[in-house]
Structures are given as C-alpha cells and as structure tokens.
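Here's the structure we're looking at; comments come further down.
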Amino acid sequence: MARFEKLPDDVQAREIQMLSFWESHDIFAQTLAKTRQGKPYVFYEGPPTANGKPHFGHLMPRVYKDLFPRYQTMKGRYVLRKGGWDTHGLPVELEVEKSLGLNSKQEIEKYGIEKFIKKCKASVWEYKTEWEQMIRRMGFWIDLENAYITYTDEYIESVWWALKQIWQQGLLYQGHKVLPYCPRCGTPLSSHEVAQGYREVSEPAVT
C-alpha cells in the first residue's frame, strides 16, 4: 500500500493534499480489496435528495456514516459502502410545482402527470455536483459511481421484493397510525415534510 511521506503544516493544505493522495492511489478501493475476505459489516446508506443544496445539517450525519464503516474496516471487516440518491418525496414535487407555477393537485393533473414526473426526475439532479464536491471534500469514503437511484425500476422492485419476504415470514401486519395530512396535496405527510412549511393558522370553519 502507498505511503504518505510528508504533510504540510497548514491544516487546509494538509487536508487537500491528503484527499488528493487518497484519490491518486485509490486508497478506498485498496481498503475494500484488503478486507474482501473479512467478515461482512452491512452498511445501508440513507441517501440524500440532490435537488436541494447540502448544508451543515447534512454534513454531521455523514460524518457518522463514514466513521463507523471506516472503524469496522480498520478492524478487518468487509464494508461495501454503496451510495445512493433519494429521488422520491414531497419536497421534490413542491420544488417542481414552484418552478412551473402550479398550486394544486388538480393543476398538476391538468399539466400532465407524465410531464410532471419527468420534471421531477430532472429536478433531483440539480445540485448533484455540489453534493459530490461536499462528499469528496469531507473525505467520505462511499461508492457513488455505482450508486442506487430510488426512481429506477430495479430499486422499486427490490423494495417490493423485500416487502414480500417480510410478508411471507409473517412479520407484516396491518395497524393504525395518525399522520398529518395535506388536503392540498392529497397525501399524508412525514414529520420531515411537515417541517418544510408548517405554520399555525386560524380556521373559522371549525368553530
């Protein structure tokens, strides 16, 4: 394995030089090759949505996503770190709605669902370069060249396959859960989606 002889005293210059060394010697691939016969340590990347710019809130979780696989690799475990891109969700649709000047589910249907989906697929890649630059700059070792994409048929079919396995093992059950609901979008909302634009309003119709 290649060795690094001398690091500069300036911290920023040192980081850049180390990153360049890792890339030029393909150190990440070398760690995978060296541990290939080791006991697997399974790592599932919770992928980001690339249609929004990365910020500090994205940086910290990715530090931990790099820390634990790297530690297990140092212990001799084989950690195949496959990256991914999340391309589903209400934030993606809302971004496209704004760009098209649409304000309701009915307007989306009038515009054309297939046309709208194509716009959404294009939107999720708007800040992909910024994400890749951040990932590289922070020294996060993950395979982005073979990343999975959640809107592909292969990924969607894999989710249905997993659900089938859970069902066949008797681990899937029907329950009830109260969720926030958006009457404008006609869909339940996750806590993350509610936080995108939640505000308190006075509604006289209730009283």
Side-chain angles (χ1 to χ4, degrees), residues 1-8 11-89 91-92 124-169 171-172 190-192:
M1 187 174 284
R3 292 184 175 275
F4 202 92
E5 300 299 334
K6 172 69 175 167
L7 286 171
V11 175
Q12 186 173 359
R14 184 185 310 170
E15 288 181 358
I16 293 171
Q17 192 165 337
M18 180 59 76
L19 290 172
S20 299
F21 174 80
W22 284 349
E23 289 184 4
S24 62
H25 292 84
D26 211 1
I27 300 298
F28 175 37
Q30 287 194 50
T31 65
L32 293 176
K34 188 175 182 180
T35 58
R36 194 169 297 278
Q37 302 304 318
K39 184 179 178 182
Y41 179 86
V42 179
F43 171 75
Y44 292 109
E45 151 76 335
T49 305
N51 78 316
K53 289 184 178 180
H55 53 72
F56 184 75
H58 295 121
L59 178 69
M60 289 309 296
R62 299 185 87 72
V63 168
Y64 295 111
K65 288 178 182 182
D66 184 57
L67 179 66
F68 287 93
R70 195 178 290 238
Y71 171 67
Q72 293 296 332
T73 299
M74 291 170 67
K75 291 177 66 177
R77 305 282 293 272
Y78 179 62
V79 191
L80 184 62
R81 281 161 275 182
K82 187 179 180 71
W85 298 108
D86 185 2
T87 55
H88 288 127
V92 176
V124 294
W125 303 118
E126 187 172 351
Y127 300 108
K128 182 172 179 280
T129 300
E130 285 86 343
W131 275 95
E132 290 174 338
Q133 288 174 346
M134 183 198 76
I135 290 168
R136 177 190 175 276
R137 186 66 180 84
M138 65 179 287
F140 183 16
W141 284 355
I142 193 165
D143 180 8
L144 289 177
E145 291 184 11
N146 303 295
Y148 65 89
I149 301 166
T150 60
Y151 67 55
T152 61
D153 291 342
E154 293 80 7
Y155 177 84
I156 295 168
E157 287 169 3
S158 73
V159 173
W160 281 109
W161 175 87
L163 280 171
K164 181 182 178 183
Q165 306 307 307
I166 296 170
W167 168 261
Q168 290 177 338
Q169 294 176 41
L171 300 174
L172 197 64
S190 68
S191 59
H192 174 69

Original post:
Which pair of heavy atoms, one from Gly52 and one from Trp131, lies closest together, and at what distance?
Top reply: O-NE1, 2.8 Å
Subject >> Spatial distance of atom CG (Leu80) from atom OH (Tyr44) [nearest 0.5 Å] >> reply: 10.5 Å
Subject >> Any side-chain heavy-atom pair of Glu45 and Arg62 under 4.5 Å >> reply: yes
Original post:
Once you round to the nearest 0.5 Å, how far does CZ of Arg137 lie from CD of Glu15?
Top reply: 5.0 Å
Subject >> Heavy-atom side-chain proximity of Val159 to Tyr155 below 4.5 angstrom >> reply: yes
**OP:** Can you measure from OH (Tyr151) to CD1 (Ile156) and round to the nearest 0.5 angstrom?
**Re:** 10.5 Å
**OP:** Please report the shortest heavy-atom distance between Pro48 and Gly84, naming the atom on each side.
**Re:** CD-O, 3.5 Å
Original post:
How many angstroms lie between CZ in Phe140 and CG in Leu67, if you round to the nearest 0.5 Å?
Top reply: 10.5 Å
Original post:
Can you tell if the side chain of Arg136 reaches within under 4.5 Å of the side chain of Glu132, non-hydrogen atoms only?
Top reply: no
Subject >> N/O donor-acceptor pair under 3.5 Å between Lys82 side chain and Asn146 backbone >> reply: yes
Original post:
Taking His25 for the side chain and Ile27 for the main chain, is one N or O donor matched with an acceptor at less than 3.5 Å?
Top reply: no
Subject >> Nearest heavy atoms of Gly46 and Lys65, plus distance in Å >> reply: O-NZ, 2.6 Å
Original post:
Crowded around Gln12 CD? As in, over 12 foreign heavy atoms under 6.0 Å?
Top reply: no
Subject >> Under 3.5 Å donor-acceptor, Thr87 side chain and Val124 backbone >> reply: no
Original post:
Does the pair Trp85 and Lys128 meet the rule for a side chain to side chain contact (heavy atoms under 4.5 Å, CB included), with working shown?
Top reply: CA-CA 9 Å; Trp85 298 108; Lys128 182 172 179 280; 4.0 Å; yes
Original post:
Which distance, rounded to the nearest 0.5 Å, do you find between the OG1 of Thr73 and the CH2 of Trp141?
Top reply: 8.5 Å
**OP:** Enter the distance from Met138:CE to Leu59:CG here, rounded to the nearest 0.5 Å.
**Re:** 5.0 Å
Subject >> Trp125 atom CH2, neighbour heavy-atom count above 12 within 6.0 Å >> reply: yes
Original post:
Does any N or O in the side chain of Arg81 come within less than 3.5 Å of the main-chain N or O of Asp143, such that one atom is a donor and the other an acceptor?
Top reply: no
Subject >> With sequence neighbours excluded, residues passing salt bridge (charged side-chain N to carboxylate O under 4.0 Å, His left out) with Glu130 >> reply: none
Original post:
Are side-chain heavy atoms of Gln72 and Phe43 found at a separation under 4.5 Å?
Top reply: no
Original post:
Closest approach of Gly139 and Leu19, non-hydrogen atoms and distance?
Top reply: CA-CD2, 3.6 Å
